[in-house]
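What follows is a set of notes on a single structure, which appears directly below.
Reckoned from all heavy atoms, side chains included, excluding hydrogens, waters and symmetry mates.
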Amino acid sequence: MDTFIVTERTSQYSYKSSSVALINLFFYLSFLAGAIIYYFSKYKETKLLAFNYSLVFLDSVIKIFSFIAYFNSDKLSIYGVTYIAITLLYIFISYHFITKNLNSATIDDSSLTIENNLENASNYKRFLNLSIDSFIIIVVAFGFIGYARQNDHLTTFFSYLKTAFGAKFGILIFFSIIKFLYYLMFESIFKNTPAKILTACYVTDEDGNSPDFSMILKRTILRFIPLESLSFLMGKNLHDDYSNTYVINKKRDFKIEKRYLQILSVSFLIMLVVYFCNFSEGNRF
């Protein structure tokens with residue numbers, strides 16, 4: 001998942017870009033760690049690995065839609081066909097693993113776990129979900145913005161947004177589009193998002209069943225009410241309440257969950273600080 005920061009304009013139509021390697025480094029290290037944890041837990045601990053597969057799924061879907069948007073039969077080659085075939089394979093493998101994780105068996109030691117009895121996710125988990133999902137959305141949006149400097153179609157699209165809505169509001173519209181598609185795709189297909197996979201919770205209806213598409217669409221639209229994302233801090237969850245959906249904890253091990261969430265919070269905070277420090281440094285050039 002490469003994101004780009006433009007550092008130097010080399011000609012009228014080309015730019016010199018530097019890849020934000022931190023994102024790729026984090027992804028590969030966390031993927032490796034997830035695979036190791038998955039193996040040594042005897043295939044029970046899947047959160048970190050499933051989270052990484054959700055990022056692979058997101059990246060692959062973006063590549064497929066980009067290929068379709070810029071498809072040119074005259075330039076189609078064996079390389080292009082192979083590239084799409086591999087990307088589709090990534091989507092299939094990611095989907096299979098994520099859905100396997102969602103339907104995983106209960107933990108054997110009942111003394112350490114609770115049954116899935118529609119226990120609402122805590123405010124701390126919801127804040128962590130909001131932070132991680134928002135960060136992913138920002139990275140994806142910045143990736144498109146950076147790539148737009150090298151792509152005529154995206155340049156035209158951003159020029160239209162700027163003309164129609166103004167520079168700042170146009171960027172806000174673009175971020176909103178990314179946010180809308182992100183939540184709608186993940187919650188309609190998997191009933192959760194990458195962050196929810198990582199914190200072991202998911203979206204359900206009031207009876208504990210998978211919500212239908214209309215419910216997911218409604219909760220996604222409700223997310224755009226001003227300050228709605230923070231409504232859970234006041235004891236309200238507007239996009240839950242008015243779509244009749246809930247964010248529920250999965251079965252979990254009480255002995256490790258608190259420490260797991262603490263480590264996850266600290267790791268995410270460190271990555272967030274380092275990422276934006278690198279981003280700010282890149283924008284100076």
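Summarising the local packing, CZ of F92 is surrounded by 12 or fewer heavy atoms from other residues, nucleotides or ligands at distances under 6.0 Å. Summarising the local packing, CZ of F175 is surrounded by more than 12 heavy atoms from other residues, nucleotides or ligands at distances under 6.0 Å.
Atom OG1 of T245 is separated from atom NE2 of H239 by 6.5 Å, given to the nearest 0.5 angstrom. Once rounded to the nearest 0.5 Å, the distance linking CZ of F57 with CD1 of I93 reads 13.0 Å. Taken to the nearest 0.5 Å, the CD1 atom of I98 stands 13.0 Å off from the NZ atom of K100. In this structure, the separation between OG on S54 and CZ on F186 is 5.0 Å, given to the nearest 0.5 Å. Here the OG-CG distance, from S41 to L49, works out to 9.5 Å after rounding to the nearest 0.5 Å. The CD atom of E187 sits 4.5 Å away from the NZ atom of K196 when rounded to the nearest 0.5 Å.
Taking each heavy atom of K47 and A200 in turn, the nearest pair found is CD-CB, 3.5 Å. The heavy-atom pair separating S60 from I91 by the smallest distance is CB-CG1, 3.4 Å. L161 and G170 make their closest contact through CD1-O, 3.7 Å (heavy atoms, listed as atom of the first residue, atom of the second, distance). Scanning both residues, F169 and F165, for their nearest heavy atoms gives CB-O, 3.2 Å. Across A121 and N249, no two heavy atoms sit closer than the pair CA-OD1, 3.6 Å. The two residues K179 and S229 come nearest to each other via the heavy atoms NZ-OG, 3.9 Å.
Qualifying ring pair (Phe, Tyr, Trp, His ring centres under 6.0 Å) partners for F174, counting only residues two or more places apart in sequence or in other chains: F158. For the ring pair (Phe, Tyr, Trp, His ring centres under 6.0 Å) test, residues two or more places apart in sequence or in another chain that qualify with Y38 are Y43, F97.
Y202 has its side chain out of reach of V247: every pair of non-hydrogen atoms, C-beta onward, lies at least 4.5 Å apart. The shortest side-chain heavy-atom distance between K125 and S122 falls under the 4.5 Å cut-off. Side-chain contact check for T204 versus K191: every heavy-atom pair is 4.5 Å or farther apart. F135 places a side-chain heavy atom less than 4.5 Å from the side chain of V139. At least one side-chain heavy atom of D59 sits less than 4.5 Å from a side-chain heavy atom of K63. At a threshold of 4.5 Å between non-hydrogen side-chain atoms, the residues L58 and P194 do not count as touching. Looking at heavy atoms from C-beta onward, F213 lies in side-chain contact with L184 at the 4.5 angstrom threshold. Annotation: side chain of T193 is not in contact with side chain of N129 (no heavy-atom distance under 4.5 Å).
Transitive grouping of hydrophobic side chains (ILVMFWY, heavy atoms separated by less than 4.5 Å) brings F157 and I68 into a common cluster. Linking Ile, Leu, Val, Met, Phe, Trp and Tyr residues whenever their side-chain heavy atoms come within less than 4.5 Å leaves I78 and F67 in two separate clusters. L130 and L227 fall into different hydrophobic clusters, where Ile, Leu, Val, Met, Phe, Trp and Tyr residues are linked whenever their side-chain heavy atoms come under 4.5 Å apart, directly or through other members. In the hydrophobic clustering of this structure, M215 does not group with I189; members are Ile, Leu, Val, Met, Phe, Trp, Tyr whose side-chain heavy atoms approach within less than 4.5 Å, directly or through other members.
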Query - Evaluation steps, side chain to side chain contact (heavy atoms under 4.5 Å, CB included), between I64 and I84 - result: CA-CA 7 Å; I64 290 295; I84 290 303; 4.0 Å; yes
Report task. Check step by step if salt bridge (Lys or Arg N to Asp or Glu O under 4.0 Å) holds for D133 and R223. Result -> CA-CA 13 Å; D133 282 327; R223 290 180 185 277; over 6 Å; no
Query raised in the report: Between I216 and Y183, does a side chain to side chain contact (heavy atoms under 4.5 Å, CB included) hold up when you go through it step by step?
Result: CA-CA 9 Å; I216 296 298; Y183 280 107; over 6 Å; no
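Clustering of Ile, Leu, Val, Met, Phe, Trp and Tyr by side-chain heavy atoms under 4.5 Å joins L222 with I225, L238, Y242.
Ring geometry, F224 versus F180: the interplanar angle falls from 30° to 60°, so the pair is classed tilted.
In the model, Y246 has no side-chain atom that pairs as donor or acceptor with a side-chain atom of N120 under 3.5 Å. No side-chain donor from either of E206 and N244 sits under 3.5 Å from a side-chain acceptor of the other.
With hydrogens and angles ignored, the 3.5 Å screen pairs a side-chain donor or acceptor of D205 with a backbone N or O of G208. A donor-acceptor pair under 3.5 Å is absent between the side-chain atoms of D207 and the main chain of N209, judged by distance alone.
Taking the ring centroids of F31 and Y53, they lie under the 6.0 Å cut-off.
A salt bridge is defined here as a Lys NZ or Arg NE, NH1 or NH2 lying under 4.0 Å from an Asp or Glu carboxylate O, and K218 with D212 fails to meet this definition.
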